[in-house]
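Take a look at the structure below.
So you know, we letter chains A, B, ... as the sequences are listed, proteins then strands, and number each from 1.
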Amino acid sequence: MSKNEVSESEIVHISKMSDDELASFMKKNVISLKINEARSLPKKLGRDPTLTELHIFNIQWSEHSSYKSSKKILKQLPTTGKKVILGPKEDSGIVEFCTIDGEKYCIVVSHESHNHPSQVVPFEGAATGIGGDIRDVLCMGAHVIGVADPLRFGNPDGKNRNVVRYVANSVVEGIAGYGNPVGIPNLGGDVYFDESFDDNCLVNVVCIGMVKEKDILHSYAPEGAVGFDVIVVGKATDNSGFGGAAFASLILDEGEEQTNKGAVQVPDPFLKNVVIRATEKVFKELREKNIIAGFKDMGAGGIMCATSELGSSGGYGMDLDIDKIHVSMKNLPPYVIASGETQERFTWIVPPDFTPRLIQIYNEEFDLPNVAKGARASVIGKVTKEKQYRLTFKGKVVCNAPIDEVTEGVSYERECRAYENEFKEPALPEPNCKEILLKLLRQPHIASKERIFKHYDTEVQGNAVIRPGEADSGLIAPIRGKSFGIALATDCNPFISRVDPYWGAAHAVAESMRNVAAIGAIPVALTDCLNYGNPEKPEAFWEFVQGVKGVSDAARGIKEFETKEAVPVISGNVSFYNENKKGTSVSPSAIICCVGMMKDYSKAVTTAFKKEGSLVYLIGSRKDELGGSSYYRLFNEYGKDVPKLDFDKEARHIYSVIDIIDKNLALSCHDISDGGLAVALAEMAILGRTGVIIKADSKIRFDRFIFSETPGFIIEVEEKNKDAVEKILNEKRADFSTIGRTIADKFIIKNNDNDIINASIEEIEEPWRNGLVEALR
Amino acid sequence: MIRIAVILFPGINCEDETLDSVRSAGMDGRVVRWNEKPELLKHFDGYVIPGGWSYEDRIRAGCISARDPIMIEIKKQAEKGKPVLGICNGAQVLVESGLVPDVKGGIEMALAPNINPFISGYYVTWIYLKLSSLKKTAFTIGLDKDTVFRIPIAHGEGRFKTADRGLLDELKKNDQIILRYCDENGEIVYDFPVNPNGSMFNTAAVCNKNGNVMAMMPHPERANWLRQVPGSDLTKGEQKGPARFIFESMKKYIEGRK
């Protein structure tokens with residue numbers, strides 16, 4: 001059979017079909033290629049496509065797999081730097097962490113979304129979201145050491161409250177139900193409730209791992225791989241998740257709920273736990289024997305996507321026999337086996353003389369076939385020199401396409417149209433500030449997140465130093481006996497982003513950096529998961545373009561202090577088509593994760609006030625800019641004047657805090673965000689069971705002063721360290737002032753000599769402890 | 001050097017840090033997979049069954065592992081007086097296998113779903129435990145009765161329950177209830193949150209009659225270094241955590257037998 005030939009009976013003669021016939025044929029076969037996309041295939045293949053090829057291009061050219069709307073825009077992000085080992089090219093990004101005994105240790109990060117599946121089947125959707133992200137990190141050869149979950153749910157008291165509460169609770173159960181058994185500690189995340197997410201929640205997952213630089217595995221077939229075996233490992237392939245990538249690129253339609261549910265994969269954390277342990281044993285033996293292999297997770301597009309990318313990016317072809325893939329269902333068509341998204345699977349490319357040992361580790365030592373029905377490692381084909389992607393099934397060639405065409409993808413110029421939103425600054429009379437503070441503390445996005453975190457295993461692996469809820473970011477010490485720490489924080493305020501998608505995204509970057517800085521860690525890398533509406537709508541696409549620009553400007557603007565380099569965006573994901581039933585986009589959500597690093601975790605500080613009699617410093621003077629504030633949201637307003645960022649000043653503030661903590665001059669630290677200064681102080685007081693008295697002289701109206709969300713920090717400093725702290729702040733030209741002192745057990749805020757808020761710790765603690773519990777009831 | 005086998009059933013997820021904790025107490029050992037030759041276990045001086053979800057918690061937590069052929073060998077070694085510690089899921093395995101409490105033999109206890117007014121199902125939190133027994137066990141050597149320490153729990157089914165009504169009295173009489181949930185001052189308070197799961201008599205750990213096999217729900221390997229304890233002085237982070245004594249006691253016990 002010559003180069004492009006396939007079995008005649010497999011060919012679909014699309015060039016003989018009219019547009020209407022082609023459209024109806026594709027609809028019948030659940031193929032969502034555009035007519036012109038399908039019409040371009042005969043030219044690429046030199047003949048009409050087979051049904052399997054149509055399905056393959058359908059998946060490869062979906063938004064989810066091809067980034068066809070986004071890739072041109074994403075090019076502006078800073079992705080390089082002295083510490084970047086691998087930017088956003090493969091399944092995860094990699095950044096240098098530390099060097100011990102001449103060996104370089106690296107942090108591997110992946111950030112994904114699983115929004116649509118989590119709305120349709122929340123438990124499974126959230127669970128498989130974690131599952132996929134763990135695979136992305138593991139497949140770089142890394143030991144997986146943490147996950148974090150940024151979550152966005154609808155209004156728990158709105159008209160869709162029952163669905164919202166069901167989705168929120170089930171998503172949390174799903175995250176716990178998967179992450180806990182696999183044994184990956186949860187390091188944090190954030191949660192917001194906003195009615196724009198009523199019909200379309202956002203479930204993002206960040207996963208991190210650690211690997212020595214010399215042990216990194218890549219998602220391409222290595223040099224000299226012709227004749228290497230292609231091995232599929234894990235769960236037996238079934239029809240679950242078929243069309244998942246294409247599904248992620250559709251708008252949720254209730255009428256098609258059943259089809260949609262079929263597109264969600266079925267999680268098996270138990271099998272994953274065992275597969276991870278077996279895989280780590282394979283890593284160890286490959287290293288001992290100095291064998292270079294290719295390894296890739298199976299996510300969107302299943303075996304087809306994994307094997308074609310492994311081959312294409314190494315400069316090879318693939319010759320695979322679908323009959324050799326272990327399946328758990330009879331009579332599956334070849335394209336379902338090839339591109340279904342059954343969970344808990346990987347692809348290995350290894351030299352044939354290692355194959356028997358690899359098979360033995362999975363199938364005998366870790367006994368996969370008895371751990372889960374039908375699970376195993378199976379050799380399914382070979383890497384070829386000829387750059388064709390060839391699949392045979394029951395003796396017929398069902399796909400034989402140039403491999404680079406399979407992976408090349410398509411690209412679109414989307415129309416982008418700026419719009420003016422209708423938001424205006426509200427005229428609110430001066431309120432009773434104490435009542436406002438108590439209401440803010442009860443807001444579920446501000447209240448204690450214990451109700452969620454205590455469901456997650458934060459302790460497994462034994463690396464915990466600071467857990468979610470104790471500080472603005474989580475911290476682990478992943479190398480036993482060493483002082484190096486990794487911090488992680490995720491952010492994106494949907495209210496500010498709704499008013500201004502550019503500043504919302506820029507704030508997400510700045511806040512995530514402030515959050516790691518607030519414990520004393522240096523921001524070393526960012527990841528972004530860009531959750532937006534339908535890119536075919538010019539206004540929604542504009543929000544996305546603004547968001548990417550905001551991320552890019554902030555990452556470049558808030559420079560690493562010593563090197564003057566941008567903090568690199570090393571991994572990310574784009575999720576489009578997030579909108580409600582009326583076609584309104586969700587609040588623009590450039591969800592950012594910042595990875596921070598500490599040379600010495602013992603210097604880390606938490607949020608809680610530590611003792612009476614300390615000085616309380618405010619860094620970042622308050623401005624009258626309450627657009628998108630939680631204060632306005634209490635009155636169902638958005639406002640217009642969102643806080644702006646002076647990137648250079650932001651960097652000076654962030655790095656002065658890092659410096660102060662590094663010199664052991666701060667007792668506690670907290671960043672100012674939702675609810676402003678008053679809420680930040682309340683959280684420090686509640687967690688520390690220590691009161692505070694604040695006396696401020698404000699140029700702006702006092703309620704606006706204490707609830708403004710201008711970025712900033714609060715630090716608690718012992719009197720004896722006053723001069724040293726102020727020296728650092730002055731050197732970095734920070735805006736700062738001493739605003740009060742910690743006291744025994746009262747929470748007092750004064751405008752000059754007038755008590756504006758005077759409450760007991762118990763009074764402010766009650767709403768803060770119960771807000772989220774009530775919202776999830 | 002003393003060698004401890006850390007048993008890996010499929011679904012266990014705390015084996016690495018458990019082995020590291022064993023090592024930090026001056027012993028050595030390795031992780032032994034469920035399907036390795038059971039005879040291998042003879043060459044170890046003691047055994048730890050760590051936490052996780054062995055066999056996916058099918059039927060009941062610990063139920064399938066308790067019937068795994070490797071447990072026959074562990075029982076044999078326990079009868080010789082070697083120490084066996086079951087942590088969390090490992091505790092469930094020991095109870096399901098009848099190794100604990102071994103008063104009349106057979107399965108005498110169960111670990112029932114938590115009763116928790118705050119979160120149903122899996123629950124992670126730090127609690128206080130008190131050493132509540134004068135009994136000489138392999139895991140409490142050198143410790144005074146009434147010693148109070150901090151340690152985390154992480155489970156959905158951790159409520160000790162007896163099959164027979166009379167068994168609790170028997171356990172008390174034999175001094176087999178080793179660790180109990182208490183408040184930070186050592187007071188036994190029967191309500192949540194001091195008792196985090198509704199366990200009878202605030203029981204957190206139970207041993208067999210000989211004191212060489214103990215089933216404990218809290219995780220000592222997660223309170224083995226000071227940095228793991230919330231709010232601790234991080235400058236002493238790498239020093240001994242509040243629950244390390246359990247592993248250190250195991251070492252002393254094994255040395256005493258040699």
Side-chain angles (χ1 to χ4, degrees), chain A residues 143 172-173 176-177 180-186 268-271 273-274 276-277 280 364-368 370-372 450-467 469-470 475-477 480-483 485 600-606 608 610 664 687 773 776, chain B residues 8-21 23-24 31 33-36 50-58 88-89 116-126 151-156 196 219 221-238 241:
Chain A
H143 182 55
V172 171
E173 294 280 344
N180 296 347
V182 173
I184 314 293
N186 199 293
D268 188 345
F270 169 65
L271 173 60
N273 169 310
V274 180
I276 289 174
R277 280 154 178 77
E280 289 189 342
E364 291 170 33
E365 291 186 10
F366 284 84
D367 203 14
L368 293 194
N370 285 312
V371 162
E450 258 186 1
R451 168 65 182 76
I452 292 179
F453 289 143
K454 291 217 162 182
H455 223 47
Y456 298 157
D457 197 345
T458 46
E459 314 290 323
V460 67
Q461 298 194 1
N463 297 331
V465 181
I466 295 176
R467 302 153 181 73
E470 292 177 16
L475 178 69
I476 51 171
R480 201 78 79 212
K482 302 288 177 188
S483 66
D600 182 356
Y601 73 74
S602 78
K603 292 178 174 177
V605 299
T606 58
K610 298 298 179 302
N664 294 316
L687 286 165
V773 178
L776 291 180
Chain B
L8 178 75
F9 291 109
I12 289 292
N13 63 18
C14 302
E15 71 278 16
D16 287 348
E17 57 270 35
T18 302
L19 183 58
D20 285 342
S21 299
R23 288 184 173 141
S24 74
V31 173
R33 274 194 333 274
W34 72 98
N35 56 356
E36 293 188 53
W53 268 254
S54 66
Y55 290 100
E56 218 175 352
D57 281 0
R58 282 174 213 153
C88 198
N89 190 221
N116 176 334
F118 180 51
I119 290 184
S120 63
Y122 192 81
Y123 185 61
V124 181
T125 196
W126 280 75
I151 189 168
I153 60 157
H155 57 246
H219 283 266
E221 81 285 6
R222 299 177 179 191
N224 191 61
W225 290 275
L226 264 186
R227 66 163 164 78
Q228 296 173 313
V229 186
S232 58
D233 176 0
L234 290 178
T235 59
K236 297 179 183 148
E238 290 304 309

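At a threshold of 4.5 Å between non-hydrogen side-chain atoms, the residues Asp367(A) and Arg33(B) do not count as touching.
Residues Glu450(A) and Ile119(B) share a closest heavy-atom pair of O-CD1, 4.2 Å. What you find for Glu470(A) and Pro230(B) is that their closest heavy atoms are OE2-CB, 3.6 Å. In plain terms, the two heavy atoms of Tyr122(B) and Tyr456(A) that are nearest each other are CE2-C, 4.3 Å. Among all heavy-atom pairs drawn from Val182(A) and Asn13(B), the shortest one is O-CB, 4.0 Å. Annotation for Val371(A) and Trp34(B): closest pair CG2-CZ2, 4.1 Å, computed over non-hydrogen atoms.
By the side-chain hydrogen bond (donor to acceptor under 3.5 Å, both in side chains) test, Thr125(B) pairs with Lys454(A), sequence neighbours left out. Among residues two or more places apart in sequence or in another chain, the side-chain hydrogen bond (donor to acceptor under 3.5 Å, both in side chains) test is passed with Thr235(B) by Asp233(B).
With a 4.5 angstrom heavy-atom cutoff, Lys603(A) does not touch chain B via any of its atoms. Using a 4.5 Å cut-off between heavy atoms, Ala176(A) does not touch chain B at all. In this structure, the portions of Ala604(A) lying under 4.5 Å from any heavy atom of chain B include both its backbone and its side chain. Proximity to chain A is limited to the side chain of Arg58(B), based on heavy atoms less than 4.5 angstrom apart. Heavy atoms of Leu226(B) lying under 4.5 Å from chain A are absent altogether. Heavy atoms of Glu364(A) lying under 4.5 Å from chain B belong exclusively to its backbone. Interface residue Glu459(A): backbone and side-chain heavy atoms are both found under 4.5 Å from chain B. Residue Val460(A) touches chain B through both its backbone and its side chain, counting heavy-atom pairs closer than 4.5 Å. If you measure heavy-atom distances from Asp268(A) to chain B, the contacts under 4.5 Å come from the side chain alone. Contact of Val773(A) with chain B is made through the side chain alone, with heavy-atom distances under 4.5 Å. Contact of Arg227(B) with chain A is made through backbone and side chain together, with heavy-atom distances under 4.5 Å. Contact annotation for Arg451(A): both backbone and side-chain heavy atoms come within less than 4.5 Å of a heavy atom of chain B.
Remark: Glu17(B) CD to Asn463(A) CG distance equals 7.5 Å, nearest 0.5 Å. One distance of note links CD1 of Ile12(B) with CZ of Arg277(A); it measures 9.0 Å at 0.5 Å rounding.
Of the listed residues (Ala608(A), Gly183(A), Gly177(A)), the greatest number of heavy-atom pairs within a distance under 4.5 Å of chain B belongs to Gly183(A). Of the listed residues Ala477(A), Ser602(A), Ser483(A), Pro181(A), the one with more heavy-atom pairs under 4.5 angstrom with chain B than any other is Pro181(A). In terms of non-hydrogen atom pairs under 4.5 Å with chain A, the most contact-rich of Glu15(B), Glu36(B), Lys236(B) is Glu15(B).
The backbone N or O of Phe366(A) lies less than 3.5 Å from no partner atom in the side chain of Asn35(B), so there is not a single donor-acceptor pair. For the pair Gln228(B) (side chain) and Gly462(A) (backbone), a donor-acceptor distance under 3.5 Å is present.
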(message) Before you tell me yes or no, could you show the steps for Asp457(A) and Arg222(B) under salt bridge (Lys or Arg N to Asp or Glu O under 4.0 Å), namely the whole-Å CA-CA distance, both residues' side-chain angles and the distance that decides it to 0.1 Å?
(response) CA-CA 11 Å; Asp457(A) 197 345; Arg222(B) 299 177 179 191; 3.0 Å; yes
